Amino acid sequence: MMKIITTELTKELRKQFALDWKGIHGASHWARVRENGLRLAESTQARTDVVELFAFLHDSMRVNDDFDPYHGARAAQYAESLHGELFELDDDDLSLLKIACEGHSDGLMDADITVQICWDSDRLDLGRVGIRPDPNRLCTMAAREPAMIEWAYARSVIGIR
Ligand SMILES: [Fe+2]
């Protein structure tokens, strides 16, 4: 199978990312979200291409590291603009990716399983900003597993500077 996160895609993301590449919403966060998502996808029906693309795109259009309520919507538009150039998804998966990006910072819980896994993957990386993930704010049973939370938390706090 073709890998979905290519060198060309990450080059593009790095070129346009407005914030610190090594910051709390930068590349190491994206990489951990991807790992979280792929692990959650092993026990669910989540679409792994969508989960991986979400990891690398969802925060890519942030303009600050604090309150930026439209960064998810911008990420969804950006995903659409890169589709067909730097990655390929079918229509259903592209729509899931856009929904996941658009709603990821609104505290939502109810969605397609792929979208839920995207959101959980991101929430499981909150340790980097000093927050232990709250099982009640995770969408899926897979993410609420204490072992999953601990695994993700331990990796996320290493990123604290
Ligand atoms: Fe994020």
Side-chain angles (χ1 to χ4, degrees), residues 4-5 9-10 12-41 44 46-82 86-87 89 93-140 142-144 148-161:
I4 192 86
I5 307 294
L9 177 59
T10 50
E12 158 65 25
L13 295 175
R14 182 157 198 171
K15 183 159 60 93
Q16 67 74 48
F17 189 54
L19 304 177
D20 179 1
W21 186 248
K22 296 182 175 169
I24 57 172
H25 295 107
S28 69
H29 168 56
W30 306 351
R32 288 189 303 270
V33 172
R34 179 199 205 177
E35 290 169 353
N36 290 344
L38 288 175
R39 178 152 169 175
L40 292 171
T44 61
R47 312 276 306 154
T48 55
D49 282 358
V50 175
V51 166
E52 290 187 74
L53 285 165
F54 169 84
F56 275 65
L57 287 166
H58 73 284
D59 281 335
S60 68
M61 296 303 280
R62 273 186 166 272
V63 292
N64 64 58
D65 278 319
D66 307 303
F67 185 65
D68 183 359
Y70 300 112
H71 77 279
R74 290 196 301 275
Q77 282 182 356
Y78 184 46
E80 171 109 59
S81 77
L82 299 180
L86 291 171
F87 67 87
L89 292 176
D93 283 358
L94 180 60
S95 139
L96 290 171
L97 174 61
K98 290 171 66 183
I99 291 166
C101 286
E102 187 145 12
H104 81 268
S105 58
D106 299 331
L108 302 171
M109 306 279 285
D110 192 24
D112 180 278
I113 183 67
T114 293
V115 173
Q116 288 181 314
I117 294 299
C118 291
W119 293 345
D120 281 351
S121 307
D122 189 28
R123 289 169 199 174
L124 283 167
D125 198 48
L126 282 169
R128 75 194 193 284
V129 290
I131 298 171
R132 188 176 276 274
D134 176 356
N136 296 314
R137 295 189 183 181
L138 296 170
C139 309
T140 63
R144 288 178 196 167
M148 181 70 210
I149 294 177
E150 283 312 313
W151 179 74
Y153 185 74
R155 285 160 43 255
S156 68
V157 292
I158 288 170
I160 288 183
R161 294 167 294 173

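Keep in mind that what you see is a predicted model, and the values were worked out from it rather than measured. In each ligand, atom 1 is the first atom listed, and ligand 1 is the first ligand listed.
- The residues Glu35 and Arg32 are annotated as not salt-bridged, no charged nitrogen and carboxylate oxygen being separated by less than 4.0 angstrom.
- Under 4.0 Å is where a charged nitrogen must lie from a carboxylate oxygen, and between Glu52 and Arg47 no such pair does.
- Figure legend: Arg155 and Trp151 shown as a cation-pi pair, the cationic atom lying under 6.0 angstrom from the six-membered ring centre and within 45 degrees of its axis.
- Between the side chains of Tyr70 and Gln77, no donor N or O sits under 3.5 Å from an acceptor N or O.
- Protein N/O/S atoms closer than 2.8 Å to the Fe ion (ligand 1), listed by chain and residue number, are His29 NE2, His58 NE2, Asp59 OD2, Asp122 OD1.
- A distance-only check finds no donor-acceptor pair linking the side chain of Arg62 to the backbone of Asp68 [under 3.5 Å].
- Taking the six-membered ring for Trp, His104 and His71 have ring centres closer than 6.0 Å.
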